[in-house]
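Just below is one structure, and these are the notes that go with it.
Every value quoted in this text rests on a predicted model; they were computed, and no experiment measured them. Reminder, nothing fancy here: chain letters follow the sequence lines and each chain counts from 1.
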There are 2 protein chains.
Amino acid sequence: MARGRPREFDAELALERAMELFWRQGYEGTSLADLTDALGITRPSLYAAFGNKEALFRRVLERYEARAGAYRPRALSALTAYEVARRLLEGAAALHGDKSNPAGCLGVHGALACGPESGRIREEMISHRSAGEQAIRKRLRRAKQEGDLPPDADPAALARYLSAVLYGMAVLAAGGASLRDLREVAHTALQGWPSSPRN
Amino acid sequence: MARGRPREFDAELALERAMELFWRQGYEGTSLADLTDALGITRPSLYAAFGNKEALFRRVLERYEARAGAYRPRALSALTAYEVARRLLEGAAALHGDKSNPAGCLGVHGALACGPESGRIREEMISHRSAGEQAIRKRLRRAKQEGDLPPDADPAALARYLSAVLYGMAVLAAGGASLRDLREVAHTALQGWPSSPRN
DNA sequence: CGAAATACATACCGCTCGGTATATATTTTA
DNA sequence: TAAAATATATACCGAGCGGTATGTATTTCG
């Protein structure tokens, strides 16, 4: 049993609300006052539970990847390269086209450009994106080995290209693009994909 | 002749330096102290010359579009839809791959996500991006009329897709992507373009 | 029952934010 | 040469920033 006075708020619920805030306003754009207001807790409680703003953001990013970003590992487990690409693109469209979510992608606009004091978070986001791209690259390398992509295909270039389209969809979504808009982008990108749907 | 004491700094040079700052750190991430330091002028001088931070940012955005974004109208004046797409993609790669520029695109990350106090700027950036997409759409509509795109091509979808790839390249660049990386993305996107290079 | 441990509430810290009031310096016009 | 106009320099404004010290309430352990 946990000793001492038990906390009076639900940490999971608090994280959920913090995620929503950071998702909507980014790291720099979200203040501690915003957070304590939305979470309904006081500042010392927040610090006791989560450390500080940076640490809270990291927890939130973790949660974001596990929930909103769950379509990514699922997409990578598809059987063909085309299906991987399709699920990634359609998954991003579904996520960012869902208006019950904040507009855009936390991983993209969470700390894309910011002042020097947020530089650490910015760099962490960069390496998160890089890791995502690398996972796609790895999957497409395997696809090429399996003959699932043409011999002249470049898995690294395709992975980077796919990542770019996903990021672009996030920017479009931040600008208010609809689910239909985003699915059109996904569809258009798939039209040019180098392997056929059936292979 | 201008009456009164003449200003002691070069407004064009000041704008250039302000652009560099906003380009690197975004709107919210750039403080007045950053600006006055970099511009070498005092706060009242900045306000007398440019109004306030928002107005200065608008001037900077104007300058950005006229210089860094000059490749866009040039690309739209190309003779074929394929050439339009190629010049847009290669132009973005050249711009964001040039390491003498700040990483990323001011129009994308200048105010992608921010607190409520920067909401106006954020919305203006959204409509700027939307205007850019619309210009591409208009050009591709013409291309279709001219038989320069297949009959089943969707100019609106293609324009949105192209915009997404351009935004995605900006995000990649903000993460440190090289000119080579970005040109690979451009090349990959062109591989799937629905009209041939020669038509 | 203490005593230790934890959480809550209030009030505060130094610092930075965007923006400005006031006074002085430098120019042109009359 | 005086007045009007503009620019500069200094010092300051209230507000918000992330973060914390202090005191009190509530729990478990001995």
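Residue B/Glu8 is in sugar-phosphate contact alone, with no base atom involved, counting any heavy-atom pair closer than 4.0 Å across all strands shown. Nucleic acid contact class of A/Thr36 (heavy atoms, under 4.0 Å, all strands): none. Using a 4.0 Å heavy-atom cutoff across all strands shown, A/Ser118 reaches no nucleic acid atom at all. Looking at heavy-atom distances under 4.0 Å, A/Ala49 makes no contact with the nucleic acid at all.
Side-chain proximity of B/Pro6 to the nucleotides C/dC8, D/dA9, C/dT26 is greatest for C/dT26. Closest approach to the B/Thr42 side chain among D/dT20, D/dT10, C/dA7 is made by D/dT10 (side chain taken as heavy atoms from C-beta onward). The B/Arg43 side chain lies nearest to C/dG18 when the options are C/dG18, C/dA9, D/dG19. Taking only side-chain atoms of B/Tyr47, from C-beta outward, the nucleotide of C/dT20, C/dC17, D/dG19 with the closest atom is C/dT20.
In this structure, B/Asp37 atom CG and C/dC17 atom P are separated by 10 Å, rounded to whole Å. If you take NZ of B/Lys53 and P of C/dC17, they are 9 Å apart, rounded to a whole angstrom. Computed from coordinates, the B/Leu46 CG to C/dG19 C1' distance equals 11 Å when rounded to whole Å. Counting to the nearest Å, the C1' atom of D/dC17 and the OH atom of A/Tyr27 are 12 Å from each other. Between B/Arg7 atom CZ and C/dT26 atom C1' there is a gap of 15 Å when expressed in whole angstrom units. As a whole-Å value, the separation of A/Phe50 CZ from D/dG19 P is 15 Å. Between the CD atom of A/Glu54 and the C1' atom of D/dG19 there is a distance of 13 Å, rounded to whole Å. Going from atom CG of B/Leu21 over to atom P of C/dG18 covers 12 Å, rounded to whole Å.
Mapping A/Pro44 and A/Ala48 onto DNA chain C by nearest heavy atom places A/Ala48 at the nucleotide closer to the 5' end. Nearer to the 5' terminus of DNA chain D, by closest-nucleotide assignment, is the contact made by A/Leu32 (compared with the other of A/Arg5 and A/Leu32).
No hydrogens or angles considered: a donor-acceptor pair under 3.5 Å links the side chains of B/Ser45 and B/Thr42. Residues B/Glu65 and B/His128 have side chains that bring a donor and an acceptor to within less than 3.5 angstrom of each other.
Rounded to the nearest 0.5 Å, atoms CD1 (B/Ile136) and OG (B/Ser163) are 4.0 Å apart. Annotation: the span from A/Arg72 atom CZ to A/Arg87 atom CZ amounts to 15.0 Å, rounded to 0.5 Å.
Tested against B/Phe57, the residues B/Tyr64, B/Tyr27, B/Phe50 include a single ring-ring contact (aromatic ring centres under 6.0 Å, His included) partner, B/Tyr27.
Proximity of A/Ser45 to the phosphate of C/dC8: a side-chain N or O atom is located under 4.0 Å from OP1 or OP2. OP1 or OP2 of C/dC17 lies within a sub-4.0 Å distance of a side-chain N or O belonging to B/Ser31.
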